[in-house]
**Q** 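Supplied in structure tokens, the structure appears directly below.
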Amino acid sequence: MRAVVRKQAILLGIGMAAAILSMTLGSLAEGIVHQSGQWVSTIAFGTFMLVLFKVRPDFFR
């Protein structure tokens, strides 16, 4: 039981960190390049999650 809760806590922390980084990147892109920050942050978050899935697929089991 503890292992499951620990794995979920790690996944939640990684997901929150990826979300914060992608939103920061989206805000920077919106300010600097004058592009839609939503698209940039969505693509960045998807890329972070895809890399995490490829590197550590055991988190998603």
Side-chain angles (χ1 to χ4, degrees):
M1 185 69 176
R2 283 186 184 189
V4 172
V5 172
R6 184 174 180 269
K7 187 188 300 186
Q8 288 176 344
I10 290 171
L11 187 59
L12 178 67
I14 291 172
M16 288 176 65
I20 291 169
L21 287 174
S22 66
M23 287 310 227
T24 303
L25 185 64
S27 296
L28 287 173
E30 192 170 11
I32 294 172
V33 189
H34 304 293
Q35 294 292 324
S36 174
Q38 182 181 5
W39 286 106
V40 173
S41 63
T42 303
I43 291 170
F45 184 74
T47 304
F48 290 145
M49 288 295 113
L50 181 66
V51 168
L52 177 64
F53 182 72
K54 291 293 184 183
V55 172
R56 296 292 303 261
D58 58 324
F59 277 149
F60 295 97
R61 289 187 193 166

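All figures in this text were calculated on a predicted structure; none of them were measured in a lab. Heads up: numbering here begins at 1 and tracks the sequence.
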**Q** Report the hydrophobic cluster partners of Val55, with the cluster defined as I, L, V, M, F, W, Y residues connected by side-chain heavy atoms closer than 4.5 angstrom, directly or transitively.
**A** Val51
**Q** Please output the side-chain donor-acceptor pairs of residues 42-49 that fall under 3.5 Å, not counting sequence neighbours, one pair per line with the distance.
**A**
from  : atom 1 : to    : atom 2 : distance (Å)
Thr42 : OG1    : Gln38 : O      : 2.7
Thr47 : OG1    : Ile43 : O      : 2.7

**Q** When the side chains of residues 19-28 are checked against the rest of the protein, which donor-acceptor pairs come out under 3.5 Å, sequence neighbours left out?
**A**
from  : atom 1 : to    : atom 2 : distance (Å)
Ser22 : OG     : Ala18 : O      : 3.2
Ser22 : OG     : Ala19 : O      : 2.9
Thr24 : OG1    : Ile20 : O      : 2.8
Ser27 : OG     : Met23 : O      : 3.1

**Q** With heavy-atom distances below 4.5 Å as the criterion, would you say the side chains of Leu12 and Gln8 are in contact?
**A** no
